[in-house]
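See structure below.
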Amino acid sequence: MEAEMEEKITKTVRSILQQSNMDDVTEYKVRKQASDQLNLDLSKPPYKAFVKKVVQSFLEEQQQQEEEEEGQEEQQTGDGEYDDEGNLIVCKLSEKRKVTVQDFRGKTLVSIREYFKKDGKELPTSKV
């Protein structure tokens, strides 16, 4: 297949994918629509394989972009607030009562505890 033809097919397929609802579109639908736009039968084996490669490449790029956006969102929200013991504070119910998440012996625990100050540190009261 010529490089010029590959470029036309790539541009057309990517354009279709960008405008499509990714929940409804299939490779067959993309290939059919591209065939109509290019006036070319893309169901023949060499074209079919090339279209599949373009679709997979597009999907991988979309997935990578989503992962990068999720990473940026996590950075923007920050790592969260932690207590003096290093436990993640999910929310503060009152001045002295907090909900925290902690790892203990390989298990994740959620605690609702009251805290008191001693020697400038906030310490949890005993479990109830």
Side-chain angles (χ1 to χ4, degrees):
M1 188 178 341
E2 297 175 16
E4 187 177 315
M5 181 58 70
E6 286 182 357
E7 188 176 332
K8 281 183 180 181
I9 294 171
T10 301
K11 284 183 179 180
T12 304
V13 169
R14 290 181 71 82
S15 172
I16 292 167
L17 288 168
Q18 289 171 346
Q19 297 170 6
S20 298
N21 179 351
M22 298 312 286
D23 293 331
D24 298 332
V25 74
T26 62
E27 183 183 330
Y28 172 79
K29 289 179 182 178
V30 171
R31 193 172 56 247
K32 177 81 171 116
Q33 192 174 349
S35 291
D36 293 343
Q37 288 182 12
L38 294 170
N39 258 351
L40 181 66
D41 185 10
L42 296 177
S43 63
K44 293 180 181 176
Y47 294 123
K48 189 175 183 178
F50 183 73
V51 169
K52 183 175 186 167
K53 185 175 129 184
V54 172
V55 169
Q56 286 176 337
S57 171
F58 178 84
L59 293 174
E60 288 170 359
E61 288 172 13
Q62 292 297 311
Q63 184 177 5
Q64 184 178 8
Q65 186 177 3
E66 287 176 9
E67 289 172 358
E68 288 173 1
E69 288 173 359
E70 287 175 6
Q72 289 174 354
E73 287 176 9
E74 287 176 6
Q75 287 177 352
Q76 289 174 354
T77 58
D79 291 336
E81 186 179 348
Y82 292 88
D83 64 9
D84 292 335
E85 295 177 338
N87 301 324
L88 176 65
I89 299 174
V90 177
C91 72
K92 293 182 179 182
L93 301 175
S94 69
E95 185 73 28
K96 293 184 176 184
R97 191 172 286 185
K98 299 176 189 170
V99 179
T100 61
V101 176
Q102 62 188 24
D103 288 322
F104 181 72
R105 295 186 183 172
K107 294 187 179 188
T108 303
L109 302 176
V110 177
S111 299
I112 302 175
R113 312 260 305 259
E114 287 192 18
Y115 286 75
F116 65 96
K117 289 193 179 196
K118 181 177 181 182
D119 299 328
K121 287 188 172 185
E122 268 192 342
L123 301 171
T125 59
S126 61
K127 293 182 182 178
V128 180

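Residues Ile16 and Leu59 share a hydrophobic cluster, clusters being chains of Ile/Leu/Val/Met/Phe/Trp/Tyr side chains in contact below 4.5 Å. The cluster map of Ile, Leu, Val, Met, Phe, Trp and Tyr, joined by side-chain heavy atoms under 4.5 Å apart, puts Tyr28 and Val30 in different clusters.
Here the side chain of Arg113 pairs no donor or acceptor atom with the backbone of Lys98 at under 3.5 angstrom. A donor-acceptor pair is defined here as one N or O able to donate and one able to accept, closer than 3.5 Å; such a pair exists between the side chain of Ser35 and the backbone of Leu42. Under a 3.5 Å cut-off, the side chain of Thr12 and the backbone N or O of Ala34 do not form any donor-acceptor pair.
Met22 approaches Leu17 most closely through the heavy-atom pair SD-O, 3.7 Å. Shortest non-hydrogen contact noted between Val54 and Arg14 is CG1-CG, 4.0 Å.
Atom-to-atom distance recorded for Glu122:CD and Lys117:NZ is 5.0 Å, nearest 0.5 angstrom. Here the NZ atom belonging to Lys11 is positioned 10.0 Å from the NZ atom belonging to Lys8, to the nearest 0.5 angstrom. Interatomic distance, Met5 CE to Tyr47 OH, rounded to the nearest 0.5 Å: 5.0 Å. In this structure, Lys48 NZ and Asp41 CG are separated by 10.5 Å, a value rounded to the nearest 0.5 Å. In this structure, CG on Leu109 lies 8.0 Å from CG on Asp103, to the nearest 0.5 angstrom. Once rounded to the nearest 0.5 Å, the distance linking CD of Gln33 with CG of Leu38 reads 10.5 Å.
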**Request:** Please lay out, stage by stage, how Gln65 and Gln62 fare under the test side-chain contact (heavy atoms from CB on, under 4.5 Å).
**Result:** CA-CA 5 Å; Gln65 186 177 3; Gln62 292 297 311; 4.0 Å; yes
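Remark: Asn39 engages no residue in a side chain to side chain donor-acceptor pair (under 3.5 Å) (not counting sequence neighbours). Residues satisfying the side chain to side chain donor-acceptor pair (under 3.5 Å) criterion with Asn21, sequence neighbours excluded, are Asp24.
In the displayed structure, Ile89 atom CD1 is contacted under 6.0 Å by more than 12 heavy atoms of other residues, nucleotides or ligands.
Grouping Ile, Leu, Val, Met, Phe, Trp and Tyr residues whose side-chain heavy atoms lie under 4.5 Å apart, directly or via other members, leaves Tyr115 alone, with no other cluster members.
Contact check for Leu93 versus Ile112: side-chain heavy atoms found under the 4.5 Å cut-off.
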